[in-house]
Amino acid sequence: MVSFEDFIGFLRSTYDTPFAYLTITFAFAILVAIVLPIPIEVALVFPILQQRWDYLAAVTAAMAIGKTVGAWLIFYLGLRVEGNIRHWSERYTIARRVVNWCERFVRKTNYYGLYILLSIPLMSDTIPLYLYSLFNEEGKTLNRRAFLISNFLAAWTRAGFLVFIYLAFDMFLFR
C-alpha cells in the first residue's frame with residue numbers, strides 16, 4: 001500500500017515535468033471526486049509555495065476538469081441508484097426519514113449549497129458530490145449542466161482561497 005508521504009514524494013518528483021504533473025493532477029482529481037477522501041489541495045501546494053502563478057493556473061484547470069469529470073460520473077451513478085435507495089428506504093422508517101431529510105436538504109440548498117461545500121479548502125469532495133447526486137429526486141432538483149458548472153467553479157474558488165490564505169500568512173507572519 002502506498003503511503004501519503006510516498007504519494008507526496010511522487011508528486012514532487014513529477015512537478016518539474018508539466019505534462020506528467022498535470023496528467024497526475026487530472027487523474028487524482030477524478031479519483032478524489034469518486035472515491036478518495038483526500039483533499040485535492042495537495043496538488044496545489046507546490047506551485048503556491050513557489051509562487052508559480054502561471055503553473056498554478058494550469059494545475060487548477062487540470063484539477064477543475066478532473067473534478068468535473070468525476071462529478072459527471074457520480075451524477076449518472078446517482079440517477080441510476082436513486083430509485084433503488086428510495087425503494088429500499090420505504091421498508092424502514094429511520095431510513096425513509098434520512099432519505100427524506102437528505103432530499104429536502106438538496107432541494108433547499110440547491111446549487112448554492114453544493115458550490116459552497118465544494119469551495120471549502122481541505123473539504124472532501126466525495127461526500128457532497130454523492131449527497132447531491134444520490135438525493136437529487138430523479139434528476140429534477142439539480143440538472144446535470146448546473147451540477148457540473150457548480151463543481152468546476154468551486155475548484156477555482158478553492159484554489160483562490162488557498163492563494164489568499166498563503167499570501168495573507170506570508171505578508172503578516174513572515175515579513
query: Which residues satisfy the side-chain hydrogen bond (donor to acceptor under 3.5 Å, both in side chains) test with Tyr92, sequence neighbours excluded?
result: none
field: With sequence neighbours excluded, residues passing side chain to side chain contact (heavy atoms under 4.5 Å, CB included) with Leu77
entry: Val81, Tyr130
message: My understanding is that only residues two or more places apart in sequence, or in another chain, count here; which of them pass salt bridge (Lys or Arg N to Asp or Glu O under 4.0 Å) with Arg96?
response: none
query: Are the side chains of Thr68 and Ile149 in touch, meaning some heavy atoms are under 4.5 Å apart?
result: no
- prompt: Restricting to pairs with a member in residues 19-30, which pass salt bridge (Lys or Arg N to Asp or Glu O under 4.0 Å), not counting sequence neighbours?
  reply: none
Residue pair Phe75 / Asn143: nearest heavy atoms and the distance that separates them: CZ-C, 4.0 Å
query: How would you list all residue pairs meeting side chain to side chain donor-acceptor pair (under 3.5 Å) that involve residues 22-35, not counting sequence neighbours?
result: none
Common cluster, Phe147/Tyr112, ILVMFWY with side-chain heavy-atom separation under 4.5 Å: no
field: Check against side-chain contact (heavy atoms from CB on, under 4.5 Å), Phe135 and Arg107
entry: CA-CA 9 Å; Phe135 301 104; Arg107 193 178 331 107; over 6 Å; no
For Glu90, side-chain hydrogen bond (donor to acceptor under 3.5 Å, both in side chains) partners two or more places apart: none
query: With sequence neighbours left out, what residues match Ile165 under side chain to side chain contact (heavy atoms under 4.5 Å, CB included)?
result: Phe169
task: Please check if the side chain of Asn110 supplies one atom and the backbone of Leu142 the other of a donor-acceptor pair under 3.5 Å.
output: no
query: For Arg80, which residues count as a side chain to side chain contact (heavy atoms under 4.5 Å, CB included) partner, sequence neighbours excluded?
result: none
message: I'd like to know if Phe19 and Ile65 are part of one continuous hydrophobic network [Ile/Leu/Val/Met/Phe/Trp/Tyr, side-chain heavy atoms within less than 4.5 Å].
response: no
- request: Give a yes or no on whether Ile127 atom CD1 has more than 12 heavy-atom contacts from other residues, nucleotides or ligands under 6.0 Å away.
  value: no
Donor-acceptor contact present, side-chain Tyr21 to main-chain Ser13, <3.5 Å: no
- prompt: Strictly by modelled atom types, are Tyr166 and Gln51 linked by a side-chain donor-acceptor pair under 3.5 Å?
  reply: yes
- prompt: Quick one: does Met123's side chain get under 4.5 Å of Leu117's, heavy atoms only?
  reply: yes
- line: So salt bridge (Lys or Arg N to Asp or Glu O under 4.0 Å) across residues 52-66, not counting sequence neighbours, yields Asp16-Arg52
query: Taking all non-hydrogen atoms of both residues, which atom of Gly70 and which atom of Ala33 are closest, and how far apart?
result: CA-CB, 3.9 Å
field: Separation between CG of Leu134 and CD1 of Ile74, rounded to the nearest 0.5 Å
entry: 8.5 Å
statement: Of all heavy-atom pairs linking Ile30 and Gly66, the shortest is CG1-O, 3.2 Å
message: Just checking Trp156: does its CH2 atom have more than 12 heavy atoms from other residues, nucleotides or ligands closer to it than 6.0 angstrom?
response: yes
- prompt: Roughly how far apart are Tyr111 OH and Leu118 CG, rounded to 0.5 Å?
  reply: 14.0 Å
Per-pair distances, 0.1 Å, donor-acceptor, side chain in residues 34-49, under 3.5 Å, sequence neighbours excluded:
from, atom 1, to, atom 2, distance (Å)
Glu41, OE2, Leu122, N, 3.0
Glu41, OE2, Arg158, NE, 3.1
Glu41, OE2, Arg158, NH1, 3.3

- request: Measure the acute angle between the ring planes of Phe105 and Trp101, then classify it against the limits of 30° and 60° as parallel, tilted or perpendicular.
  value: parallel
query: Could you go step by step and tell me if Leu131 and Val106 meet the side-chain contact (heavy atoms from CB on, under 4.5 Å) rule?
result: CA-CA 8 Å; Leu131 175 70; Val106 169; 4.3 Å; yes
- prompt: Of all residues at least two apart in sequence or in a different chain, which pass the side-chain hydrogen bond (donor to acceptor under 3.5 Å, both in side chains) check with Thr109?
  reply: Tyr132
- prompt: Where do Tyr55 and Pro18 come nearest, in terms of heavy atoms and distance?
  reply: OH-CA, 3.3 Å
- request: Please name all residues satisfying side chain to side chain contact (heavy atoms under 4.5 Å, CB included) with Thr157, sequence neighbours left out, ordered by chain then number.
  value: Tyr115, Ser119, Phe161
Co-membership, hydrophobic cluster, residues Met63 and Leu31, 4.5 Å side-chain: yes
- request: Answer yes or no: is there a side-chain heavy-atom contact under 4.5 Å between Tyr76 and Arg144?
  value: yes
